[in-house]
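Letters A, B, ... mirror the listed sequences (proteins, then strands); counts begin at 1.
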Amino acid sequence: MELLLLLFLPLVGAIITSLLKGNSAKVSALGFALLSLCVTIGLLTQFTPDATTQFAVNYPWIQQLGINFHAGIDGISMITVILTNVLMPLIILASFKHEYKKANAFYALILFMQSGLLLVFTALDGFLFYIGWEAALIPIYFICAMWGGKDRIKVNMKFFVYTIAGSLFMLVGLIYLYLQAKSFDITAFYALNLDSYQQGWVFWAFFIAFAIKMPIFPFHTWQPDTYTEAPTTGTMLLSGIMLKMGIYGVIRWLLPIVPQGVNDWICVVMVLSVIGIIYASLIAFTQKDAKRLVAYSSIAHVGLIAAGIFAMSTQGLQGVMVQMLSHGINVVGLFFVLDIISSRLKTNKIEELGGLAKVAPKLAITFLIIVLGTVALPGTNGFIGEFLLLYGVYNYNMWLGIVAGLTIIFGAVYMLRMYQKVMLGTTNDLTIGFTDIKGTEKIVLYSICALIIVMGVYPKPIMHLSEASVQHLLEQIKLKGLN
Amino acid sequence: MNIIITIAITAFVVLYAGLFKAKKALLPLTLLGLLVALGFVACSWNNPTTYYGMMRMDNFALAFSAISIVGTFFIFLLTQKYFAEGSDNIAEYFTLILFALSGIVIMVSYQNMSMLFIGLEIMSVSLYILAGIRKLNFASNEASLKYFLMGAFSTGFLLFGITLIYGATGSFDIAVIQQYLVDNVKTISPLFYPGVILVMIGLCFKVGAAPFHFWKPDVYEGSPSLITAFMSTVVKTAGFAAFLRLFAGAFEPLHDFWAPALMVIVIITLCIGNVTALYQKNFKRMLAYSSISHAGYLLFSLVVLSANSASNVLVYAAAYTFASIIAFAVLILVKQKVGSDTIDSFNGLGKRNPFAAFALTVAMLSLAGIPLTAGFIGKYVMFLNVMANYQVALVVIAILNALVGFYYYFKVIIAVWFKEGDEVVLDTPFQYKIVLLLSVIVTLLLGVYPDLILNLI
């Protein structure tokens with residue numbers, strides 16, 4: 001029952017928020033997001049970090065088609081649930097400084113999306129997973145298309161067609177698995193013994209959907225434009241939480257169901273992931289718009305996460321777990337800082353900025369912490385995740401590990417260079433009147449910095465949460481005869 | 001039988017009420033008649049009855065009759081103010097729709113091919129007149145003539161096919177025909193095969209499957225919007241029920257013969273319908289072409305026959321019917337205010353009438369097949385059926401077409417919510433509100449809990 005509360009609280013919040021006006025809609029949305037966080041903390045206190053699925057609910061839903069409302073939380077799900085429900089209040093709070101037209105619809109859509117995301121991260125029935133997957137997509141489409149930038153309609157259509165194409169292929173994969181297993185239950189999917197050919201094509205049906213969502217090279221072309229044109233809240237939702245749906249999908253619905261398919265195509269995926277890292281990093285170097293730079297850096301980071309998943313080792317997968325959280329927190333922080341700058345100065349062009357540290361020292365410090373977290377400085381949250389990921393990739397293949405490792409160097413170069421040009425140096429006519437962070441901005445940025453440092457210094461509780469589940473997952477894959 | 005009698009009597013009562021200038025009584029009488037007919041459907045449920053070997057009121061026929069009656073009921077509710085300008089022939093209009101509906105009930109329940117023909121013609125002749133009921137409107141006249149000529153042409157195919165089948169089997173009874181096929185697997189008369197193909201062509205004309213679809217966009221565009229709504233929902237559903245009754249029933253033993261031809265038709269229908277819909281600027285024409293593509297999805301259930309085929313068509317037809325009714329209802333509202341039925345006339349509808357805009361969005365999402373709407377379940381069960389028969393290539397074609405569909409349905413959503421239009425407030429008459437609200441509820445309810453309809457037949 002606790003899980004139902006977790007899943008449906010944001011939905012109830014969305015309905016209530018949609019009926020309110022102006023500031024009360026904002027406050028309602030924040031209230032429901034905080035309530036969801038409280039429920040998560042409640043679940044966390046009762047959660048035993050072993051490999052079992054806890055708080056499970058399993059009700060018949062569409063009996064005629066063998067579909068159940070089956071959901072539960074294990075260590076892997078718990079990480080993503082925490083990510084969603086920690087970031088959601090921060091993202092909503094970060095949006096407070098904007099006055100959105102039809103604020104009730106805006107915040108209702110955010111909460112609706114939260115329900116969809118939580119459904120994805122807890123679903124143990126293939127159909128339910130698909131419903132959550134789409135339920136998260138529709139609100140973000142409307143958020144980006146209604147409150148986005150000048151080219152929002154064209155860019156969003158591209159984003160939507162891309163993601164929906166992936167979803168449809170996943171649906172075919174799910175139907176195929178259902179026809180084999182005669183059930184949508186994840187345990188029935190796990191118990192399937194498909195031959196190599198069957199696994200191969202189911203792998204691609206799922207992988208395309210996940211690769212588009214993450215996004216992995218070459219399925220990434222929707223991402224920079226969408227991140228740039230979306231309202232900052234939308235960008236935070238997309239980059240902070242939504243792309244984790246793809247990562248989570250690979251871990252939960254791909255590796256254990258078609259391990260042979262993964263094994264057969266792992267080289268291709270690894271190479272694509274590493275190409276993505278290098279390619280996105282190189283393009284990030286050339287970006288003049290800070291928002292686009294962060295968008296490309298996100299592709300590079302996700303490339304490393306993808307490589308870490310397919311390394312299929314404990315270290316790699318544990319790295320994924322930590323890095324999912326870290327990347328979510330850091331990227332939300334980065335986009336928020338850029339939003340503060342652009343809402344004050346109406347620009348994110350790197351060349352037009354400079355010297356902000358002099359006029360806004362608090363912003364400069366918090367931004368520095370976030371940038372250091374992003375470039376994986378030891379002592380920040382990025383370090384432990386990237387270390388484990390690289391370790392995993394290195395163990396899979398030394399050369400790929402070395403090439404993937406370039407992401408740390410490249411990341412440090414383009415992020416620090418951006419920091420230097422934006423924050424350091426002398427002020428100019430535009431930046432001289434910049435005011436420092438205040439009110440909700442402080443709360444959001446201080447919270448993000450605190451999370452970056454706490455996770456960096458003491459990542460053990462996070463890793464402990466998922467460790468047993470990750471081990472169990474790998475054992476399941478081995479049991480299915482994968483070498 | 002009570003259902004047809006009730007509808008027919010209602011039609012006559014309404015006709016005479018019109019004659020005596022009792023205009024205000026027309027709608028209540030019609031709605032009452034439809035409710036009584038719906039009551040008979042409920043009473044006959046699970047009690048299959050055959051009438052003189054000509055018609056069989058089983059759950060299949062009753063379920064499709066129910067959808068047709070409810071769809072017609074909703075369309076009648078939308079007549080409020082619709083015929084105010086040319087109000088002289090309201091009674092005829094009501095009567096003709098009711099006659100068409102009685103033909104439809106015959107079409108979904110026939111046991112004998114002569115009844116199929118009679119049902120189809122009762123429906124078609126009524127529709128030829130309804131398409132041109134705006135006598136002074138050139139487009140309406142053109143639609144009527146085009147529909148009549150094409151309809152007559154297709155009837156010729158159908159009739160010729162039925163004749164050949166009669167020549168081969170010596171019967172019009174679909175049970176006898178089926179038995180003939182089972183008993184004479186290897187010695188089927190050579191007359192039978194062209195007969196099946198000609199009947200297929202005739203029915204494909206009626207449901208608007210490509211390449212027999214070319215009448216549809218002009219007829220849809222030229223007919224009054226309410227009649228188009230009726231054609232696109234109730235008539236279409238009846239066409240598929242008739243198709244299913246014959247091909248999934250009588251001709252089922254010859255599935256291997258006609259299924260490949262139908263598969264080609266499905267592929268052409270999907271591609272032509274979707275790709276052409278993509279380029280339409282007129283909303284009604286877009287719906288016409290998208291309706292062609294939906295015919296393709298519905299024909300899936302015949303290409304890949306299974307125990308669930310009838311149920312799948314029912315789900316899809318229900319989803320399609322309610323979403324289309326919403327689309328046409330909002331179109332009528334917008335056209336009355338703006339005077340145009342292009343997609344651009346929906347610009348800014350979200351500001352002018354958020355309720356209608358929301359309903360239209362739900363309809364477009366359902367037609368596109370987005371989860372949590374009935375349209376998704378409709379597409380899902382079709383895909384499931386096809387996948388179960390390992391027709392993966394067909395599913396991939398359908399998916400690519402679904403993607404194109406997303407694009408043009410979202411063009412409407414974009415116009416409604418994201419584009420600036422004039423600020424003229426758009427009122428929703430009470431009856432429209434009821435229809436929109438109920439249709440939205442049904443669309444979402446069937447999307448979230450499809451068990452309500454999945455195991456109905």
Side-chain angles (χ1 to χ4, degrees), chain A residues 18 60-67 69 101-102 104-105 112 115-116 119 127-138 141-142 144-148 152-154 156-158 160-180 182 184 198 201-202 205, chain B residues 308 311-312 315 350-351 354 357-358 361-362 365 368-373 376-377 379-396 398-411 413-419 446-456:
Chain A
S18 68
W61 180 18
I62 309 173
Q63 285 175 296
Q64 197 71 12
L65 299 174
I67 296 162
F69 193 96
K101 281 183 187 171
K102 290 188 195 159
N104 55 339
F112 187 82
S115 263
L119 204 55
F127 193 86
L128 192 64
F129 175 74
Y130 186 79
I131 294 288
W133 186 270
E134 296 292 82
L137 170 68
I138 298 300
Y141 169 79
F142 279 97
C144 295
M146 282 184 86
W147 291 277
R152 63 192 192 280
I153 292 173
K154 199 173 74 184
N156 259 293
M157 195 50 126
K158 186 177 173 187
F160 186 75
V161 169
Y162 254 90
T163 40
I164 210 87
S167 304
L168 284 172
F169 282 108
M170 181 168 76
L171 182 64
V172 174
L174 280 168
I175 292 175
Y176 185 78
L177 291 175
Y178 164 76
L179 290 168
Q180 304 301 313
K182 308 289 176 217
F184 269 111
Q198 290 172 308
W201 89 259
V202 172
Chain B
N308 298 325
S311 175
N312 293 351
V315 175
K351 279 183 192 156
F358 171 73
T361 306
V362 171
L365 292 176
I370 295 287
L372 299 178
T373 63
F376 171 70
I377 299 294
K379 277 209 176 69
Y380 172 78
V381 289
M382 290 293 177
F383 287 175
L384 185 68
N385 197 22
V386 179
M387 283 287 289
N389 287 275
Y390 300 103
Q391 303 272 10
V392 178
L394 204 55
V395 174
V396 171
I399 281 180
L400 294 175
N401 275 284
L403 265 179
V404 179
F406 284 124
Y407 197 85
Y408 60 74
Y409 287 124
F410 269 75
K411 266 188 355 191
I413 295 177
I414 286 168
V416 168
W417 295 106
F418 312 139
K419 287 196 175 169
L446 291 182
V448 176
Y449 193 63
D451 267 4
L452 287 172
I453 195 169
L454 271 173
N455 51 1
L456 214 53

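Neither the backbone nor the side chain of B:Leu452 comes within less than 4.5 Å of any heavy atom of chain A. Of the two parts of B:Ile399, the backbone and the side chain both hold a non-hydrogen atom closer than 4.5 Å to a non-hydrogen atom of chain A. Within the 4.5 angstrom heavy-atom criterion, atoms from both the backbone and the side chain of A:Met146 approach chain B. Contact of B:Ile414 with chain A is made through the side chain alone, with heavy-atom distances under 4.5 Å.
The only option from A:Phe127, A:Phe129, A:Phe184, A:Tyr130 that meets the ring-ring contact (aromatic ring centres under 6.0 Å, His included) definition with A:Tyr178 turns out to be A:Phe184.
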Show me the donor-acceptor pairs, under 3.5 Å and distance only, between side chains in residues 166-174 of chain A and residues at least two apart or in other chains.
from     : atom 1 : to       : atom 2 : distance (Å)
A:Ser167 : OG     : A:Trp133 : NE1    : 3.2
A:Ser167 : OG     : A:Glu134 : OE1    : 2.9
A:Ser167 : OG     : A:Thr163 : O      : 2.8

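For the options A:Asn156, A:Ile67, A:Ile175, heavy-atom pairs under 4.5 Å to chain B are most numerous at A:Ile175. Interface remark: of the candidates A:Leu65, A:Leu137, A:Val161, A:Ile138, A:Leu65 forms the most heavy-atom pairs closer than 4.5 Å to chain B.
The OG1 atom of B:Thr361 lies 9.0 Å from the CZ atom of B:Phe410; values are rounded to the nearest 0.5 Å.
A distance-only check finds no donor-acceptor pair linking the side chain of A:Trp147 to the backbone of A:Phe142 [under 3.5 Å].
For A:Tyr176, the side chain to side chain donor-acceptor pair (under 3.5 Å) test picks out A:Gln198, with sequence neighbours left out.
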